[in-house]
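Take a look at the structure set out below.
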Amino acid sequence: MTGLGEIWSAAWPAVQALLYIILILVPLVLSVAYLTYAERKIIGYMQVRLGPNRVGYKGLLQPIADVVKLLMKEVIIPSGASRGLFILGPVLAIAPALAAWAVIPFAHGWVLANIDAGLLYVLAVTSIGVYGVVIAGWASNSKYAFLGALRSAAQIVSYEIAMGFALVGVLMAAQSLNLSQIVEGQAGGFWHWYVWPLFPLFLVYLVSGVAETNRAPFDVAEGESEIVAGFHVEYSGMAFAVFFLAEYANMILISALTTLMFLGGWLSPFPLLPDGMLWWLLKVAFVLFLFLWFRATFPRYRYDQIMRLGWKVFIPITLVWILVVGLVMQTPYAYLVH
Amino acid sequence: MNFQSALFYFFAAILLFAGLRVITARNPVHAALYLVLAFFSAAGLWMLLEAEFLAIVLVLVYVGAVMVLFLFVVMMLDINPDQLRQNFWRYLPVALPVALLIGVEMVLILGSRYFAATPPPTPLPAGYSNTKALGEVLYTQYVYAFEVAAVILLVAIVAAIALTMRRRKDSKYVDPARQVRVRKEDRLRVLKMKVSRYGDELHDHAHDGSQPGGDAASSSQER
């Protein structure tokens, strides 16, 4: 019995970490499912339609029906495809989108791994996501898929730079790479949030986030009307669903990061009200609504315009604003950016 | 063998396997992907040495950016693997001495007392930030070396762009600045035209529907 107890006490941290991971991932996957429902409903109302309303009360069971349908379908591997990489593509797309949640704080002290270089970790892990798209496009051995992969690779690498620079401004203001400390640095009401002193960086980050997740109006990697469905044109069944899941998980991740770094995370907008996870959820939902709103509003960008926006507009804006923040920090008005 | 050394051998084995596959894989895309795996395992090893900043930057820069562009190029090349192997025996007399030289150099360096196996680093206190320490050293003690490296990189960027930039005279690229500056008056002219007489007549007929002869006019209006 003592031997068992020893093994148990040694294994307990690992078991605990696994339980926490499940506690994070299950609600995440559920919210991904209902984000698709919210998207169809919201865009439906924006286009004066009803959206899904047949499965369950007001269509609430629609995502479940979709998942069951995709699970039942056959996963077809094209005969000319590179088999191993074809399967690896969706796995590499979803894994970084989920792994990044390890350092996301949900409320004060509610974080799986409170590491010092949290911001760098998120940047590094999300930068791996592009491999899923590139490998899927190449392994499919199809022209449309390949074109989609090339477009996506160039686009994601370009916007990552603007995104990274926008985060440099945040870490200058917070003087920390730890996501919890970045949120704590914004304490004391909504006028202390970093969105105000770093407003240009906030805009750049938000728009780059839309581009990074290949969402409309930057969805040239899929481009239904140009290259059919881009990188995942050859995928079917659950393999396709995993790409779908990765896209929405990435959307939620970008919204969560925007909330943490610019909108005060779990902090309440007024010092009188208590802080808590509810605020964080509300803010994330708001940013996600922006994603859906963009999709219903803007037509798709032309490819050269996307590249121009990333390289010639966003990167100079971020560089100039980093300089401004750095200069202000040397003056007596430094409290403005802290 | 504790947990950390088990992890070390795990990452090291993957690293060696991936490195071997980089040079033996027949397909260049597979080789590039094995190189990505090698970078990843190396990052894991650095993490074990408590160099978390370097490990994360290795993933961020090499895996996230450099290798993506590498793959980008390799994927678009039309490489025939068999053709690459044709001249193997012809180049062997040149390649063999080079490989031997590299091997001897590595043995000499790794065998010297400066690079001999050092004891594992003593665990640092929990609050110690590797990133902060690196930043402080980089921007104080080594600031000139850092700036010189940055300038060299900038020169390389400018040179690469200058070498590859070609402006075709006949290409019809759009200038977004000019597009934005266009106003309605430059493109659109609103003309004030006199209403023609034929239209006037129709207009009159349409309005006297009360008269008995107005059937034709009302039916034309329906059309």
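These numbers come from a predicted model, not from an experiment.
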Heavy-atom distance under 4.5 Å to chain B: side chain of [X], backbone, both or neither?
{"X": "A:Asp304", "answer": "side chain"}
{"X": "A:Leu177", "answer": "side chain"}
{"X": "A:Ile156", "answer": "neither"}

More than 12 non-hydrogen atoms from neighbouring residues, nucleotides or ligands closer than 6.0 Å to [atom1] on [X], yes or no?
{"X": "A:Tyr303", "atom1": "OH", "result": "yes"}
{"X": "B:Met76", "atom1": "CE", "result": "yes"}
{"X": "B:Tyr62", "atom1": "OH", "result": "no"}
{"X": "A:Tyr144", "atom1": "OH", "result": "no"}

Given a strict heavy-atom distance threshold of 4.5 Å, which part of [X] is in contact with chain A: side chain, backbone, both, or neither?
{"X": "B:Val36", "answer": "side chain"}
{"X": "B:Leu71", "answer": "side chain"}
{"X": "B:Leu33", "answer": "side chain"}

### Message
Only pairs of heavy atoms separated by less than 4.5 Å count here; which of B:Leu69, B:Val63, B:Leu58 has the most with chain A?
### Response
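Greatest number of close heavy-atom pairs with chain A: B:Val63.
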
### Message
To the nearest 0.5 Å, what is the distance between CG on A:Leu150 and CZ on B:Phe72?
### Response
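It is 5.0 Å, given to the nearest 0.5 Å.
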
### Task
With a 4.5 Å heavy-atom cut-off (strictly below), which parts of residues 125-143 of chain A touch chain B? List them by number.
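So the qualifying residues are A:Ser127, A:Ile128, A:Val130, A:Tyr131, A:Val134, A:Ile135, A:Trp138.
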
### Message
Quick check: closest heavy atoms across B:His30 and A:Ser82, and the distance to 0.1 Å?
### Response
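What the structure gives for the nearest pair is NE2-OG, 3.6 Å.
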
### Query
Where is the tightest heavy-atom contact between B:Val68 and A:Ala153, given as atom of each residue plus distance?
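Minimum heavy-atom separation between B:Val68 and A:Ala153: CG1-CB, 4.1 Å.
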
### Steps toward side-chain contact (heavy atoms from CB on, under 4.5 Å) verdict (B:Glu52, A:Leu120)
CA-CA 10 Å; B:Glu52 76 265 8; A:Leu120 270 178; over 6 Å; no

